[in-house]
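This report refers to the structure that appears directly beneath it.
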Amino acid sequence: MIKPKHPLRNYHIQQEFFLKYLEEEHREYHTLHISYGNAVYLYYQLQLNISVHDYEEWLTEITDENTRNAMQSAGFSKCRETSSFVRFIHRKRKIAEDDYIREKMGNEEYTRYKMLCQNDQVAL
């Protein structure tokens with residue numbers, strides 16, 4: 001069972017269809033992999049009430065002057081979805097990616113997925 005389900009219905013249906021016709025020996029890994037991917041997607045879609053103040057604070061932490069100038073030129077609205085800004089906000093709000101994913105997948109499934117990946121037992 002995919003946990004968490006993808007929030008976009010069309011993607012969830014495609015994921016379920018893929019798993020339904022997959023050979024049994026590959027199903028566990030791919031179910032866990034899809035679940036992990038969905039949890040990561042949800043993590044980066046969190047609505048965190050990002051403000052201009054957060055943006056300005058983030059800019060002060062950028063050590064490379066060229067990058068900082070480029071981000072300033074791009075402006076708040078264009079930078080609010082960049083991965084480095086999103087990571088900054090999550091760090092600031094103390095929302096760790098691994099903890100969030102573990103919570104969404106469940107501890108047992110998360111641990112099993114990590115073990116499969118780490119032990120290189122994945123047969124794609």
Side-chain angles (χ1 to χ4, degrees):
M1 178 175 99
I2 299 173
K3 180 183 173 191
K5 294 179 180 179
H6 199 286
L8 301 177
R9 187 174 186 272
N10 188 42
Y11 289 117
H12 176 69
I13 291 169
Q14 289 175 9
Q15 291 170 346
E16 291 287 351
F17 183 82
F18 171 75
L19 293 172
K20 181 178 180 180
Y21 294 100
L22 193 63
E23 293 177 23
E24 183 65 36
E25 66 188 75
H26 302 294
R27 198 167 293 143
E28 177 189 23
Y29 169 75
H30 285 285
T31 299
L32 292 170
H33 184 73
I34 289 169
S35 296
Y36 184 86
N38 289 349
V40 170
Y41 178 86
L42 291 170
Y43 176 77
Y44 282 97
Q45 296 301 312
L46 284 174
Q47 299 300 315
L48 297 171
N49 300 318
I50 299 170
S51 70
V52 173
H53 176 74
D54 294 321
Y55 167 71
E56 290 168 352
E57 186 179 342
W58 171 66
L59 287 174
T60 65
E61 290 195 6
I62 299 173
T63 55
D64 181 70
E65 188 175 340
N66 290 333
T67 302
R68 184 175 50 254
N69 290 340
M71 296 299 110
Q72 276 181 307
S73 294
F76 173 64
S77 60
K78 289 188 180 174
C79 289
R80 67 181 295 140
E81 294 184 19
T82 62
S83 59
S84 61
F85 183 53
V86 170
R87 280 192 305 272
F88 167 79
I89 294 299
H90 287 144
R91 218 175 36 249
K92 183 177 176 181
R93 304 281 196 278
K94 298 186 184 347
I95 303 170
E97 184 174 359
D98 284 343
D99 294 340
Y100 183 86
I101 293 168
R102 182 184 300 270
E103 177 186 317
K104 290 295 180 189
M105 286 182 73
N107 190 50
E108 186 177 322
E109 289 81 4
Y110 177 85
T111 302
R112 179 74 179 140
Y113 175 70
K114 288 296 189 174
M115 186 186 76
L116 286 172
C117 291
Q118 188 175 35
N119 291 337
D120 204 25
Q121 295 178 358
V122 179
L124 300 175

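- Closest approach of L8 to H6, counting heavy atoms only: N-ND1, 3.0 Å.
- Residues H30 and H26 form a side-chain contact, since some pair of their non-hydrogen atoms from C-beta on lies under 4.5 Å apart.
- Ring geometry, Y113 versus H33: the interplanar angle falls from 30° to 60°, so the pair is classed tilted.
- How far CG of L116 is from OG1 of T111: 11.0 Å, rounded to the nearest 0.5 Å.
- Partners of E61 according to the salt bridge (charged side-chain N to carboxylate O under 4.0 Å, His left out) rule, which considers only residues two or more places apart in sequence or in another chain, are R91.
- Y11 places no side-chain N or O within donor-acceptor distance of the main-chain N or O of N38, the cut-off being under 3.5 Å.
- Linking ILVMFWY side-chain heavy atoms closer than 4.5 Å, directly or via other members, places I34 and I101 in two distinct hydrophobic clusters.
- Summarising the geometry, atom CZ belonging to R87 is positioned 15.0 Å from atom CD1 belonging to I95; distances are rounded to the nearest 0.5 Å.
- Y100 has its ring centre no less than 6.0 Å from the ring centre of H90.
- In this structure the side chain of Y41 never reaches within 4.5 angstrom of the side chain of P4, judged on heavy atoms.
- Qualifying side-chain contact (heavy atoms from CB on, under 4.5 Å) partners for I13, counting only residues two or more places apart in sequence or in other chains: R9.
- For T60 (side chain) and E57 (main-chain N/O), a donor-acceptor pair under 3.5 Å exists by modelled atom type.
- Residue N49 qualifies as open at atom CG: its count of foreign heavy atoms under 6.0 Å is 12 or below.
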Check: residues 17-24 side-chain donor-acceptor pairs under 3.5 Å, at least two apart:
{"residue": "E24", "atom": "OE1", "partner": "R27", "partner atom": "NH1", "Å": "2.6"}

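- For E28, the side chain to side chain donor-acceptor pair (under 3.5 Å) partners at least two apart in sequence or on another chain are R112.
- Nearest heavy-atom pair, Y55 versus C79, reported as atom, atom and distance to 0.1 Å: CE1-CB, 3.8 Å.
- The side-chain heavy atoms of F76 and S51, taken from C-beta on, include no pair separated by under 4.5 Å.
- Cluster membership for F88 and V86, using ILVMFWY side-chain heavy atoms within less than 4.5 angstrom, is shared.
- Heavy atoms only, all atoms of each residue included: C117 and Y29 are closest at SG-CE1, 4.1 Å.
- A donor atom on one side chain and an acceptor atom on the other are found under 3.5 Å apart for Y44 and E97.
- With sequence neighbours excluded, the residues satisfying side-chain contact (heavy atoms from CB on, under 4.5 Å) with N69 are E65, Q72.
- Here the straight-line distance linking atom NZ of K104 with atom OH of Y110 works out to 15.0 Å at 0.5 Å rounding.
- Note: the hydrophobic cluster containing Y43 does not contain I2 (ILVMFWY, side chain heavy atoms under 4.5 Å, direct or indirect links).
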| Check against side-chain contact (heavy atoms from CB on, under 4.5 Å), Y36 and V40 | CA-CA 6 Å; Y36 184 86; V40 170; 3.7 Å; yes
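- Within a 6.0 Å sphere centred on CD of E81, heavy atoms belonging to other residues, nucleotides or ligands number 12 at most.
- The shortest distance between side-chain heavy atoms of I50 and W58 does not fall below 4.5 Å.
- For the pair A39 and M105, the tightest heavy-atom approach, listed with the atom from each and the gap, is CB-CG, 4.4 Å.
- Considering CD of Q15 and NZ of K5, their distance stands at 11.0 Å, rounded to 0.5 Å.
- Residue pairs meeting the salt bridge (charged side-chain N to carboxylate O under 4.0 Å, His left out) criterion with at least one partner in residues 45-55, sequence neighbours excluded, are D54-K92, D54-R93.
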